[in-house]
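Everything on this sheet refers to the single structure shown next.
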Amino acid sequence: MLKISEINFAIEGRPLFEGASAFIPKGHKVGLIGRNGTGKTTLFKLIRGELQLDGGEISIPAKARIGGVAQEVPGNETSLLDTVLAADEERAALLAESETASDPGRIADIQTRLVDIDAWSAEARAATILSGMGFNHEQQLMPCSAFSGGWRMRVALAAVLFSEPDYLLLDEPTNYLDLEGSVWLENYLAKYPHTVLIISHDRGLLNRAVGAILHLENKTLTYYTGPYDQFARQRAEQRAVLAAQAKKQDLRRAHLQSFVDRFKAKASKAKQAQSRVKMLEKMEIIRAPEDAARTVLTFPEPEELSPPILTTENVSVGYGGRAVLRGLNLRIDQDDRIALLGQNGEGKSTLAKLLSNRLAPMQGQMTSARKLRVGYFAQHQVDELFVDETPLQHLMRERPDEGQSRLRARLAGFGLGADQAETQVGRLSGGQKARLSLLLATLPAPHLLILDEPTNHLDIESREALVEALTTYSGAVILVSHDMHLLSMAADRLWLVKGGQVRPYEDDLEAYRAELLQGARGGRAETSAPAKLSERPKPQPAKRRSRDEVLALRAQARKCEERVEKLTTMREKLSKRLADPALYANHTGAEVEDYQRKYADIEVALERAEARWLAALEVLEQEAA
């Protein structure tokens, strides 16, 4: 068990923990959550003994091994597989000793211990974990120097999982994984044989991989049983009860004080008034919970364009004359919400670069609306911000003609207040940098917004704000993310990027997740034997959607209705134009055909918008039943 007893700790005079206590039973999987900057990573350092407590105690069983992900695997010539195998220090030491040992008794002891720790299956276990991290067999034999820092972080994660410490401490492990790797990790952690404490803002991971939540707030720790959604419900209920109790107490105190004020001067009531004064003094004040400052993201709204806003016809795209994607025949309308599925290396980022005009087609034709504006956010852009400049200076470069008050208002719309506006980017948190990059990507009010892993470094509140912003946003969205909660809330179409092709994925995200866990996506199987590919997941009884999901559905229905109205108006205007004889007298045949083609495109877009509107209304009716 891990016992945290009345700990106190401060950094540069700022207290992070004051009398904080918690008890983590042996073998439990616990999610450590709290707003950015509250001290979650610091708690990990205290548990590992890297920092010294100001007071209190943290105790774990003697000889228990504590493991966490190294900052980065060195870029040496050691293969990925050997790097992971070396993480089991006992096995490595025993194997090295077996090469030189001469004493028969010691040799027997070494061999017995190697059998006890299952050393002979180690290579297969290490390969399975690396496969789960997204490395195929050939890559596992390549040196670490052949991979970038982000990929080497996956190797570091694979190494600590392979070593199986008694206490596994993971700090945002999915930040370096794709959706497939995140799903694999969820499943692996749920079956991990020892204690896990994981810092994460990924609701999917916190709902599926852990059985308890440790909440860090107001310098104290509170342990809740159950996954994240259960924790959120408990917190909401507690806050509601506390607010009601505080309101009731305020009324009681006001009543007592009124009696005292009215009768304290009357001799006949003086004793009763004094009694009520003592009651007021003894009454322990119940304070209503303060509402935390809500994170808000405000995307500027683009004007409506005629559909489609972008199409590709038999497009191939790639690098250095080698096509990564071929035969692309895609259509994007302004009301599209598309999530890209597929393993790393299949071409999701290549497709995003093509659609954002960062990569030109090798062949075929890509056509976009004349006034189309595209916003693009990729995780690497966070690292490309000017660290010695402030967020305000970044915006002044992009909008030199706008006044500072307007620019500050834009920053505030992304949760960057007056203090952050004047702070150098190098001193901002990862979440604040990500929000600044999102602001820069959406600054021109794009009609098409492409987001490649936008949630890395965002806390849960910021992720929920992103979901809300995308729900109300009137432009098209292309999403690449390992956060299944974000994909499920913000996307209504799925495209699978696989084998050089991009095709609609007709099933839902849960079916895709089930396929990944069955090993149907190229070898990322569970550590146990994968299910047969022909087996379909058993249908589960329909569960009621959460309040957030219902609100998102209502917003989607309203948006679909608005879209139908706009398209209907556009169709009526174009229909009148096509019925006007002057059109045919004053325009060439090619121009008339262009108007007719626009009319056909609007018809298609209207049909799709109506179908989505009706589907959203149908689901809402089912929820209300």
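These values consider heavy atoms only, across backbone and side chains, with no hydrogens, waters or symmetry-generated copies.
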Looking at [Y], is its backbone amide N or carbonyl O close enough to the side chain of [X] to form a donor-acceptor pair, meaning the two atoms are under 3.5 Å apart?
X	Y	value
Arg493	Ala339	no
Arg154	Gly134	no
Thr472	Glu468	yes
Ser131	Ala127	no
Glu57	Ile7	no
Lys40	Gly34	yes
Glu461	Arg35	no
Asp333	Asp336	no
Gln432	Ser429	yes
Tyr167	Met1	yes

Pairwise distance [atom1]([X]) to [atom2]([Y]) - rounded to 0.5 angstrom:
X	Y	atom1	atom2	result
Leu487	Leu509	CG	CG	5.5 Å
Leu494	Asp508	CG	CG	8.0 Å
Leu221	Leu43	CG	CG	6.0 Å
Leu341	Glu515	CG	CD	10.0 Å
Ser349	Leu354	OG	CG	12.5 Å
Leu470	Leu486	CG	CG	6.5 Å

Is the shortest heavy-atom distance from the side chain of [X] to the side chain of [Y] under 4.5 Å?
X	Y	answer
Leu416	Leu436	yes
Val497	Leu325	yes
Ile460	Leu206	yes

**Request:** List the steps, then state whether salt bridge (Lys or Arg N to Asp or Glu O under 4.0 Å) holds for Asp229 with Arg203.
**Result:** CA-CA 8 Å; Asp229 282 351; Arg203 283 181 64 157; 2.9 Å; yes
**Asked** Is the count of non-hydrogen atoms from other residues, nucleotides or ligands lying under 6.0 Å from Lys29 atom NZ greater than 12?
**Response** yes
**Message:** Check this for me: Glu89, atom CD, are more than 12 non-hydrogen atoms of other residues, nucleotides or ligands nearer than 6.0 Å?
**Reply:** no
**Message:** For Glu164, is there an ion pair with Arg65 - N to carboxylate O distance below 4.0 angstrom?
**Reply:** no
**Prompt:** Is a side-chain donor-acceptor pair under 3.5 Å present for Asp88 with Ser163?
**Reply:** no
**Asn456 vs Tyr176, side-chain contact (heavy atoms from CB on, under 4.5 Å): CA-CA, chis, key distance, verdict** = CA-CA 9 Å; Asn456 285 0; Tyr176 303 98; over 6 Å; no
Please report the shortest heavy-atom distance between [X] and [Y], naming the atom on each side.
X	Y	value
Met142	Glu138	CG-O, 3.4 Å
Phe377	Ala441	CB-CB, 4.1 Å
Tyr224	Gln234	CD2-OE1, 3.6 Å
Trp184	Thr128	CZ2-O, 4.0 Å
Arg513	Glu186	NH2-OE1, 3.2 Å
Ala209	Leu189	CB-CB, 4.1 Å

**Request:** May I have the step-by-step check of side-chain contact (heavy atoms from CB on, under 4.5 Å) for Ile129 and Leu157, ending in yes or no?
**Result:** CA-CA 9 Å; Ile129 294 172; Leu157 176 57; over 6 Å; no
**Prompt:** Which residue pairs pass the ring pair (Phe, Tyr, Trp, His ring centres under 6.0 Å) test with at least one member in residues 17-37, sequence neighbours excluded?
**Reply:** none
**Asked** When Asp202 is tested against each of His485, Glu172, Arg463 for side-chain contact (heavy atoms from CB on, under 4.5 Å), which residue passes?
**Response** Arg463
**Item:** With Leu479, the side-chain contact (heavy atoms from CB on, under 4.5 Å) member among Asp452, Thr455, Leu451
**Value:** Leu451
**Item:** Intermediate values then yes/no, side-chain contact (heavy atoms from CB on, under 4.5 Å), Leu2 and Thr195
**Value:** CA-CA 9 Å; Leu2 169 62; Thr195 305; 5.8 Å; no
**Message:** I'd like to know whether His201 forms a side-chain contact (heavy atoms from CB on, under 4.5 Å) with Asp459, so could you lay out the CA-CA distance, the side-chain angles of the two residues, the decisive distance to 0.1 Å, and finally the verdict.
**Reply:** CA-CA 5 Å; His201 300 297; Asp459 57 22; 3.6 Å; yes
**Item:** ring-ring contact (aromatic ring centres under 6.0 Å, His included) partners of Tyr473, counting only residues at least two apart
**Value:** Phe299
